[in-house]
Asks: 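Pasting a structure below so you can have a look.
Residue numbering restarts at 1 for every chain, and letters A, B, ... go by the order of the sequence lines. This structure is a prediction, so every number in the text was calculated from the model and none was measured. Note that these values count all heavy atoms, side chains included, but never hydrogens, waters or copies made by symmetry.
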Number of protein chains: 2
Amino acid sequence: MDYQSYVPMLKAMADPNRLKIIDLLSCGTLCACDILTHFEFSQPTLSHHMKVLQQAGIVTAQKVGKWQHYTLKPEFVTAFLQDTKQLLANDADCICHDGGCSNCQDQAPRKDVITK
Amino acid sequence: MDYQSYVPMLKAMADPNRLKIIDLLSCGTLCACDILTHFEFSQPTLSHHMKVLQQAGIVTAQKVGKWQHYTLKPEFVTAFLQDTKQLLANDADCICHDGGCSNCQDQAPRKDVITK
DNA sequence: TAGACATATAGATAAATGTCTATCTGTTAG
DNA sequence: CTAACAGATAGACATTTATCTATATGTCTA
């Protein structure tokens, strides 16, 4: 699979505060000052987190007057879900097509629990 | 949503080498030495990564003779996918039920792109 | 039982990261 | 034009983390 875009997304999401920001934005666009009211940290820290989220391709920013409006990118939502399914599914594109464990009696492949 | 188990999973996945290990295990059980052949880093480094993956609830280990057999936890696969969908869906459980951006002309909620 | 093999642990180190304070830029209102 | 406000940038600092080497533990085999 293509880790090139998935890993930066995971890195950006792997912070509880940024995950909460994504959760907030999952309902719609918010400006920085509105996001900030949900946290204890400082304004520069929020600015840093928003930059990380933008660079990971998770969020877009649009300046409207004094305010920065942040929006969850629909491409991120679809790409992240698709990459996750591809990673966790035991499918044909799997990296380990060359064989299972050399020391396992049970060579049966993993049962796929993903419902598509 | 419940970040308590989701964040550690994301943290553990947000390393390209560990993500590749998950990808390898998505097809079935592998022992440590087999996993190691896919990487350039040292054996203690692999041991460290496997510990991280276990502590995040992603992988289980079973000692069989000299070998450690590592398996992707089915509970992880289902929980991670479910948490991801819940995070990215604009649903009723959303954290931001209390309203949208105070400075947006467009107060329309985000269009949900997730197909369930 | 001794040695080879698989893996884990200990400890060190360099790099990345989340946070802060101070300050700067840009925009609006009076 | 000036002051207030929203947000970004710079730089410092403490913590976390990915990696290494060296060594310990556990298991099998000859």
Side-chain angles (χ1 to χ4, degrees), chain A residues 3-4 6-25 29-71 100-105, chain B residues 3 6-25 29-56 58-71 100-105:
Chain A
Y3 302 135
Q4 300 291 352
Y6 192 50
V7 168
M9 289 176 189
L10 286 168
K11 270 191 202 294
M13 295 169 75
D15 175 90
N17 289 322
R18 283 196 295 264
L19 193 63
K20 189 172 167 184
I21 293 171
I22 294 173
D23 204 358
L24 288 166
L25 292 178
T29 297
L30 289 174
C31 73
C33 52
D34 280 335
I35 298 174
L36 193 55
T37 62
H38 291 85
F39 297 94
E40 300 300 316
F41 53 61
S42 65
Q43 176 269 317
T45 297
L46 176 65
S47 193
H48 160 72
H49 285 313
M50 298 317 298
K51 196 173 185 179
V52 172
L53 288 171
Q54 286 177 80
Q55 287 174 340
I58 293 178
V59 155
T60 47
Q62 190 194 0
K63 188 151 190 177
V64 180
K66 293 192 286 188
W67 298 283
Q68 274 287 16
H69 289 190
Y70 292 107
T71 308
C101 174
S102 56
N103 303 300
C104 298
Q105 315 91 312
Chain B
Y3 303 134
Y6 193 50
V7 168
M9 290 177 189
L10 287 167
K11 271 191 200 295
M13 296 169 73
D15 174 271
N17 288 322
R18 282 197 295 263
L19 193 63
K20 189 173 167 185
I21 292 170
I22 294 172
D23 204 358
L24 287 166
L25 292 177
T29 297
L30 288 174
C31 74
C33 53
D34 279 337
I35 297 173
L36 193 55
T37 61
H38 291 83
F39 298 94
E40 300 300 316
F41 53 61
S42 67
Q43 176 270 318
T45 297
L46 175 65
S47 193
H48 161 72
H49 285 313
M50 297 317 298
K51 196 172 185 178
V52 171
L53 288 171
Q54 286 177 79
Q55 287 174 341
I58 294 178
V59 155
T60 47
Q62 189 194 0
K63 188 152 190 177
V64 180
K66 293 191 288 189
W67 299 282
Q68 277 285 17
H69 288 191
Y70 292 107
T71 309
C101 175
S102 55
N103 303 300
C104 298
Q105 315 91 312

Asks: Spell out, as yes or no, whether a donor-acceptor pair under 3.5 Å connects the side chain of B/Lys11 to the backbone of A/Ala14.
Replies: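 Side chain of B/Lys11 to backbone of A/Ala14, a donor-acceptor pair under 3.5 Å: yes, one is there.
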Asks: For B/Phe39, which contact category applies under a 4.0 Å heavy-atom criterion: base, sugar-phosphate, or nothing?
Replies: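 Contact class for B/Phe39: none.
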Asks: Over how many whole Å does the gap from A/Leu30 atom CG to D/dA6 atom C1' extend?
Replies: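 Whole-Å distance recorded here is 15 Å.
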Asks: Flag the pair A/Val59 / A/Leu25 as yes when at least one side-chain heavy-atom distance between them is below 4.5 Å, and no otherwise.
Replies: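 The answer is yes, as the side chains (C-beta and beyond) meet within the 4.5 Å cut-off.
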Asks: Could you state the atom-to-atom distance from NZ of A/Lys11 to C1' of C/dG18 in whole Å?
Replies: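 Rounded to the whole Å, the gap is 14 Å.
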Asks: For the CE atom of A/Met50 and the OG1 atom of A/Thr60, what is their distance to the nearest 0.5 Å?
Replies: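 If I round to the nearest 0.5 Å, the distance is 9.0 Å.
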Asks: Below 4.5 Å, heavy atoms only, C-beta onward: do A/Thr45 and A/Ser42 meet side chain to side chain?
Replies: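 Touching, per the 4.5 Å side-chain cut-off.
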Asks: Take the C1' atoms of the five end pairs on each side of the helix from C/dT1-D/dA30 to C/dG30-D/dC1, get both axes, and report the angle to 10 degrees.
Replies: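 The angle separating the two end axes equals 20°.
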Asks: Does D/dA8 have OP1 or OP2 under 4.0 Å away from a side-chain N or O of A/Gln68?
Replies: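 Yes, such a contact exists.
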Asks: Of A/Ser42 and B/Thr45, whose closest DNA chain C nucleotide lies nearer the 5' terminus?
Replies: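 Checking each residue's closest nucleotide, the 5'-ward one belongs to B/Thr45.
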Asks: Has A/Arg18 got a side-chain atom pairing as donor or acceptor with A/Ala12's backbone, closer than 3.5 angstrom?
Replies: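 A pair under 3.5 Å: yes.
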Asks: To the nearest 0.5 angstrom, please state how far the NE2 atom of A/His69 sits from the NZ atom of A/Lys63.
Replies: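 If I round to the nearest 0.5 Å, the distance is 11.0 Å.
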Asks: Among residues 47-60 of chain A, which ones have heavy-atom contacts with DNA chain D below 4.0 Å?
Replies: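 Correct list: A/Ser47, A/Lys51.
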Asks: Starting at atom CZ of A/Phe41, determine the distance to atom P of C/dC20, rounded to an integer number of angstrom.
Replies: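 Distance, rounded to whole Å: 8 Å.
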Asks: Kindly compute the distance separating CG (A/Leu53) from CG (A/Leu19), expressed to the nearest 0.5 Å.
Replies: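 If I round to the nearest 0.5 Å, the distance is 9.5 Å.
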Asks: Could you state the atom-to-atom distance from CG of B/Asp15 to P of C/dA15 in whole Å?
Replies: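 Rounding to the nearest Å, CG of B/Asp15 and P of C/dA15 are 17 Å apart.
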Asks: Rounded to the nearest 0.5 Å, what separation is found between the CG atom of B/Asn17 and the NE2 atom of B/His38?
Replies: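 One finds 12.5 Å between CG of B/Asn17 and NE2 of B/His38.
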Asks: With a 3.5 Å distance limit and no angle check, can you tell me whether A/Lys20 reaches the backbone of A/Phe39 through a side-chain donor-acceptor pair?
Replies: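 Side chain of A/Lys20 to backbone of A/Phe39, a donor-acceptor pair under 3.5 Å: no, none is there.
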Asks: Anything under 3.5 Å between a protein N or O and an N or O of nucleotides 22-30 of chain C, put it in a table, one pair a line.
Replies:
none

